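Here the structure is a predicted model, which means the values were calculated and not measured.
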Amino acid sequence: LAKLLGIAKNTYGYDLSQEVGDFKQNIDESAVFGRLDWQINDRHTLTVRDNYLNFEQSNDRLTISPSINETTSNAGPYKEKTNSAVVALTSIFSTSVSNELRAQLSNDRKPRPSNPSVLGGIIPQVRINGLVANPGDNLGNVSTAVIFGADPVLHANNLEQDTYELIDNLRFTRDRHTYKLGTDLNKVHVFNDFFFNGLGSFTFNNLTDFANKVPASYTRALPFTPT
């Protein structure tokens, strides 16, 4: 590991030592639910409720094992923030006629950024194979890989969704039958920014090739342009 850190700093000017060592994987979750019922009069009832969720996990997608060792720049926070608000008006016009009018708004935000590198921004992923390590526990020497730079899944990953819904249901009873007439209007807006491996990924077969700047491969996804 010391040799790898030295090559990264002296050859590439990249202080990889800031991305190794102890790290935390915290999970923070907050949920709030509120409801208000208002009996306007003997015929009309208004209900307002809201459900809010905020979730965040630090250093998601970080793998440490005898065969793979990823640094913190290869991970990123997993975030999700959702909110759903509903307003409903229930009306009883008679013993045989009732109506429910409901409006609902929900939004969902799921940004998946990468942790920044020591350079300040995100960089292409770099994988160095063919390293030898001894994890202890009488396992002996094993072949492992070190990965730093942004995970290709996190090069560009953001999902936003907004849903608007209006529902109106009229019910009336006649003799032994109940009839229902209504409408359900929906409008959904989705923004999905996902570009797998948009920055590219380098793979080196061994530490010597990494020191000599000789990658075995470089892959990068390109946007499709119709002709």
Side-chain angles (χ1 to χ4, degrees), residues 23-38 44-63 70-91 98-117 120-125 147-171 180-201 219-227:
F23 62 89
K24 296 181 179 180
Q25 284 187 305
N26 293 330
I27 296 179
D28 296 317
E29 182 174 3
S30 301
V32 179
F33 176 77
R35 174 169 176 154
L36 175 65
D37 293 306
W38 178 27
H44 304 289
T45 302
L46 183 68
T47 299
V48 180
R49 64 178 184 268
D50 189 86
N51 195 354
Y52 172 82
L53 173 68
N54 188 13
F55 176 89
E56 181 172 350
Q57 175 182 337
S58 62
N59 289 320
D60 183 42
R61 301 188 64 83
L62 187 61
T63 301
E70 299 176 345
T71 71
T72 55
S73 63
N74 194 64
Y78 180 93
K79 301 180 180 181
E80 181 175 6
K81 184 180 293 185
T82 64
N83 190 76
S84 177
V86 179
V87 178
L89 177 64
T90 303
S91 303
S98 64
N99 188 83
E100 182 184 29
L101 176 63
R102 185 166 74 248
Q104 179 171 333
L105 167 64
S106 64
N107 52 60
D108 192 359
R109 300 291 182 267
K110 293 182 179 179
R112 297 292 305 277
S114 173
N115 287 336
S117 68
I122 64 174
I123 62 172
Q125 187 184 71
I147 303 175
F148 66 93
D151 188 308
V153 173
L154 306 179
H155 286 184
N157 194 335
N158 183 35
L159 176 63
E160 300 179 2
Q161 180 170 319
D162 297 300
T163 302
Y164 308 86
E165 187 173 13
L166 181 64
I167 302 173
D168 190 21
N169 291 318
L170 176 67
R171 294 182 177 85
K180 180 179 178 181
L181 178 64
T183 183
D184 187 348
L185 304 176
N186 283 274
K187 180 181 179 181
V188 180
H189 175 264
V190 178
F191 172 78
N192 189 6
D193 179 21
F194 182 68
F195 193 177
F196 179 82
N197 201 28
L199 297 176
S201 301
T219 60
R220 182 186 180 191
L222 298 176
F224 173 71
T225 302
T227 57

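- A 4.5 Å side-chain heavy-atom check between Thr82 and Tyr52 finds every atom pair outside the cut-off.
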Q | Working for side-chain contact (heavy atoms from CB on, under 4.5 Å), residues Asp162 and Arg109 | A | CA-CA 9 Å; Asp162 297 300; Arg109 300 291 182 267; 3.1 Å; yes
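- In this structure, the side chains of Phe148 and Thr72 stay at 4.5 Å or more apart for every pair of heavy atoms.
- Using a 4.5 Å heavy-atom cutoff, the side chains of Val153 and Phe196 are in contact.
- Of the N and O atoms on the side chains of Asp50 and Asn83, at least one donor lies less than 3.5 Å from an acceptor on the other residue.
- Here CD of Glu100 is found 10.5 Å from OG1 of Thr45. Values are rounded to the nearest 0.5 Å.
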Q: Assess whether side-chain contact (heavy atoms from CB on, under 4.5 Å) is satisfied between Arg102 and Val87, documenting all intermediate values.
A: CA-CA 6 Å; Arg102 185 166 74 248; Val87 178; over 6 Å; no
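- Distance CD/Glu29 to CD/Gln57: 11.0 Å, rounded to 0.5 Å.
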Q.
Run the side-chain contact (heavy atoms from CB on, under 4.5 Å) test on Leu199 and Arg220 for me, step by step, so that the C-alpha distance in whole Å, both residues' side-chain angles and the decisive distance to 0.1 Å come before the verdict.
A. CA-CA 6 Å; Leu199 297 176; Arg220 182 186 180 191; 5.8 Å; no
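- Distance CD/Glu80 to CG/Leu159: 9.0 Å, rounded to 0.5 Å.
- Counting heavy atoms from C-beta outward, Pro124 and Ser201 have side chains that stay 4.5 Å or more apart.
- Shown here for Ile122 and Ser114, the closest heavy-atom pair between the two residues is CG2-CB, 3.7 Å.
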**Q.** side-chain contact (heavy atoms from CB on, under 4.5 Å) assessment of Trp38 paired with Thr47
**A.** CA-CA 6 Å; Trp38 178 27; Thr47 299; over 6 Å; no
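- Using a 3.5 Å distance cut-off with no hydrogens or angles, the side chains of Asn169 and Asn99 do not pair a donor with an acceptor.
- With hydrogens and angles ignored, the 3.5 Å screen pairs a side-chain donor or acceptor of Ser73 with a backbone N or O of Gly149.
- To the nearest 0.5 Å, atom CD of residue Glu56 and atom NZ of residue Lys81 are 9.0 Å apart.
- With Tyr164 as reference, Leu105 is the one residue of Leu185, Leu105, Asn107 to meet the side-chain contact (heavy atoms from CB on, under 4.5 Å) rule.
- At least one side-chain heavy atom of Gln104 sits less than 4.5 Å from a side-chain heavy atom of Ser84.
- Distance alone, capped at 3.5 Å, is enough to place a donor-acceptor pair between the Gln25 side chain and the Asn59 backbone.
- Side-chain atoms of Asp108 and Glu160, non-hydrogen and from C-beta on, never get closer than 4.5 Å to each other.
- At distances below 3.5 Å, not a single donor-acceptor pair connects side-chain atoms of Asp193 with backbone N or O atoms of Asn158.
- Between the side chains of Asp184 and Asn186, at least one donor N or O lies within less than 3.5 Å of an accepting N or O.
- In this structure, the side chain of Asn74 does not engage the main chain of Glu70 through any donor-acceptor pair within 3.5 Å.
- Looking only at distances, a side-chain donor or acceptor of Ser58 sits under 3.5 Å from a matching main-chain atom of Asn26.
- To the nearest 0.5 Å, the span separating NZ on Lys110 from CG on Asn192 amounts to 10.5 Å.
- Side-chain N/O atoms of Asp151 and Gln125 include no donor and acceptor closer than 3.5 Å.
- For the pair His155 (side chain) and Ala150 (backbone), a donor-acceptor distance under 3.5 Å is present.
- Between Asp60 and Arg112 there is a salt bridge, since a side-chain N of the basic residue sits under 4.0 Å from a carboxylate O of the acidic one.
- Atom CG of Asn54 and atom OG of Ser30 lie 5.5 Å apart (nearest 0.5 Å).
- Leu166 is listed as a side-chain neighbour of Leu101, based on a closest heavy-atom distance under 4.5 Å.
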